[in-house]
2 protein chains.
Amino acid sequence: MQNTLETIKNIYPLKEQHLNLLLQELSVVELPKNHLIIKADKVERSLYFIETGVARAYVDGRDNRITFWFGMEGDIILSYHSYVNNKPGYESIELLEDCLLYELKTEALEQLYNTHTELANWGRKLAELILIKTEESYIGRLFKPAKERYIDLLQTDPLLIQRIPLGHIASYLGVTQVTLSRIRAEVR
Amino acid sequence: MQNTLETIKNIYPLKEQHLNLLLQELSVVELPKNHLIIKADKVERSLYFIETGVARAYVDGRDNRITFWFGMEGDIILSYHSYVNNKPGYESIELLEDCLLYELKTEALEQLYNTHTELANWGRKLAELILIKTEESYIGRLFKPAKERYIDLLQTDPLLIQRIPLGHIASYLGVTQVTLSRIRAEVR
DNA sequence: TTCATTTTTTAACATTTGTAAAAAGACGCC
DNA sequence: GGCGTCTTTTTACAAATGTTAAAAAATGAA
């Protein structure tokens, strides 16, 4: 569980004692490619650390399906919207490869938050870190055209593009696959 | 401080004792329209509760300036990017009206987080709530065309549109002011 | 009120992106 | 290897949005 352990430790430094409380709640899960691990319109009661594999989150519009997040080793699968409100979320998360995951039930997590200041701060930091990542995607998307964002993606996550169908990447960049093809023809 | 008090209480229920610890750290600030309260590329050391007034956050691109957030009574002005990383942020926040604000120094807040589980959980909830709001804007923006988002805005914040120049709203919706004008002509 | 300034709308044209459909390429499976 | 399926690219055309500039409307100060 190398990747998951690193992820947990990097969020907020924890004493051995508190780290173990968290680790005790994890259980390993193996799931195949194409499995739908988070379902829109359903209340979710777990989060998952990605030990190996790739996933994407998407929302369905009236006549389109838009990918807005990719996760890989070291990332966390979590519908915050569902978790925070304890209500159905609007996004679905689908595995794009066979995945090895560590599951953590949100109820257990909530319990830890209420009883240990250190873990409450770990949870705060987790939310803060995801928040600034979300803000960054949001803002990056606001003022960079798709072509630039594609080039950024090539540089920051060159491996991702190898592992994910272009249709999903086009959706992530906010253009049609035809337009992404045109961009790729230009950049090449 | 009616609005600010409500805001604080609504984030996470606090006992009188912990609420007071937080309130003790607030100080009132009055600032005029057009004041730049958060500056891009500067490390920020405070957050502000908006008691009265309106503000907007924007980022500067190479040849454009994009508004991505509006705040009014009950909202919080905070550069999470700067606060979490303790590094300069990329956004600026400008007051669009004369404002009455309550300032809270992040250093004092950090201190409270480290010493009180309840306040750490308040801080967690704060980050979580802002996160899901950010996610909602992000996702809403992804799959709704500007026209729909304008109609949404009309319904959810009819007052906002009265208080804010259309140029900022166009920027917020991700279109030029000319396009927003066309949308308004259609909707009317 | 009147004038100057700012904000909003309208117009004409250029550019970008989308749509639909077909062609080309990649891949696994028997 | 050959077949079918899925992914990616290309093409022609349509639709939406941007750019630039000017006109109209609203706002604020003297």
Side-chain angles (χ1 to χ4, degrees), chain A residues 32-36 54-56 58 60-68 70 94-98 140-154 157-188, chain B residues 32-35 54 56 58 60-68 70 94-98 140-154 157-188:
Chain A
K33 178 171 173 172
N34 293 327
H35 180 81
L36 205 59
V54 177
R56 68 153 179 153
Y58 62 83
D60 282 320
R62 263 189 301 285
D63 40 34
N64 53 2
R65 165 170 292 183
I66 293 170
T67 298
F68 65 93
F70 294 116
E94 173 189 65
L95 306 183
L96 298 178
E97 297 179 355
D98 296 345
R141 190 165 179 129
L142 284 183
F143 76 111
K144 286 190 185 175
K147 184 172 165 183
E148 260 184 77
R149 293 209 315 287
Y150 176 71
I151 293 170
D152 287 354
L153 201 60
L154 271 180
D157 287 301
L159 300 171
L160 209 64
I161 292 166
Q162 318 267 333
R163 292 167 83 177
I164 293 175
L166 282 190
H168 295 340
I169 292 175
S171 164
Y172 178 76
L173 295 175
V175 293
T176 61
Q177 183 164 334
V178 174
T179 301
L180 178 56
S181 241
R182 289 195 267 239
I183 289 171
R184 283 161 64 92
E186 272 185 84
V187 169
R188 205 180 304 141
Chain B
K33 178 172 173 171
N34 295 325
H35 180 81
V54 176
R56 67 152 179 154
Y58 62 84
D60 283 321
R62 263 190 301 286
D63 40 34
N64 53 1
R65 164 170 293 183
I66 294 169
T67 298
F68 65 93
F70 295 115
E94 173 189 66
L95 306 183
L96 299 178
E97 297 178 354
D98 296 345
R141 185 161 182 132
L142 284 183
F143 74 112
K144 286 189 185 175
K147 184 173 166 183
E148 262 185 75
R149 294 210 313 287
Y150 176 70
I151 293 169
D152 286 355
L153 200 60
L154 270 181
D157 288 300
L159 299 171
L160 209 64
I161 292 167
Q162 317 267 333
R163 290 167 84 177
I164 293 175
L166 282 190
H168 295 340
I169 292 175
S171 164
Y172 178 77
L173 294 174
V175 294
T176 60
Q177 182 165 333
V178 174
T179 300
L180 177 57
S181 243
R182 287 195 269 238
I183 288 171
R184 283 161 64 93
E186 272 185 85
V187 170
R188 206 179 305 141

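Proteins get letters first, then strands, A, B, ... in listed order; numbering begins at 1 in each.
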Check: A:Tyr172 ring centroid to A:Phe70 ring centroid under 6.0 Å: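 Yes: the rings meet the under 6.0 Å criterion.
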How about [X] and [Y]: do any of their side-chain heavy atoms sit closer than 4.5 Å?
| X | Y | value |
| --- | --- | --- |
| A:Val54 | A:Leu95 | no |
| B:Arg182 | B:Val175 | no |
| A:Arg141 | A:Leu173 | no |

Within the structure shown, what part of the strands sits under 4.0 Å from B:Ala185 by heavy-atom distance: base, sugar-phosphate, or nothing?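 Since only primed, P, OP1 and OP2 atoms lie under 4.0 Å of B:Ala185, the category is sugar-phosphate.
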Under 4.0 Å, counting only non-hydrogen atoms across every strand here, what does A:Val175 touch: a base, just sugar-phosphate, or nothing?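 Since only primed, P, OP1 and OP2 atoms lie under 4.0 Å of A:Val175, the category is sugar-phosphate.
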Spacing of [X] atom [atom1] relative to [N] atom [atom2], expressed in whole Å:
| X | N | atom1 | atom2 | result |
| --- | --- | --- | --- | --- |
| B:Arg182 | C:dA11 | CZ | P | 11 Å |
| B:Arg163 | C:dT7 | CZ | C1' | 19 Å |
| B:Leu96 | C:dT7 | CG | P | 11 Å |
| B:Lys33 | C:dT6 | NZ | C1' | 11 Å |
| B:Tyr150 | C:dT9 | OH | C1' | 13 Å |
| B:Ile183 | C:dT10 | CD1 | C1' | 15 Å |
| A:Gln177 | C:dG18 | CD | P | 12 Å |
| B:Glu186 | C:dT9 | CD | C1' | 14 Å |

Ionic contact status for B:Glu97 with B:Lys33, cut-off 4.0 Å: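 Result for this pair is no, no salt bridge flagged.
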Just verifying a value: how many Å separate A:Ile169 CD1 and A:Leu154 CG, rounded to the nearest 0.5 Å?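 So the CD1 of A:Ile169 and the CG of A:Leu154 are separated by 8.5 Å.
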For B:Pro165 and for B:Val178, find the nucleotide of DNA chain C with the closest heavy atom, then tell me which residue's nucleotide is more 5'.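 Looking at the nearest nucleotide for each, B:Pro165 comes out on the 5' side.
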Going 5' to 3' along DNA chain D, which are the first and last nucleotides with any atom under 4.0 Å from a heavy atom of chain A?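 Endpoints of the contacted stretch of DNA chain D: D:dT8 to D:dA12.
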Verify, without hydrogens or angle tests, whether B:Thr67 (side chain) and B:Ser171 (backbone) share a donor-acceptor contact under 3.5 angstrom.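 No; judged by distance alone, with no hydrogens or angles, the pair does not exist.
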Is the shortest side-chain N/O distance from A:Thr179 to OP1 or OP2 of C:dG18 below 4.0 Å?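 Yes.
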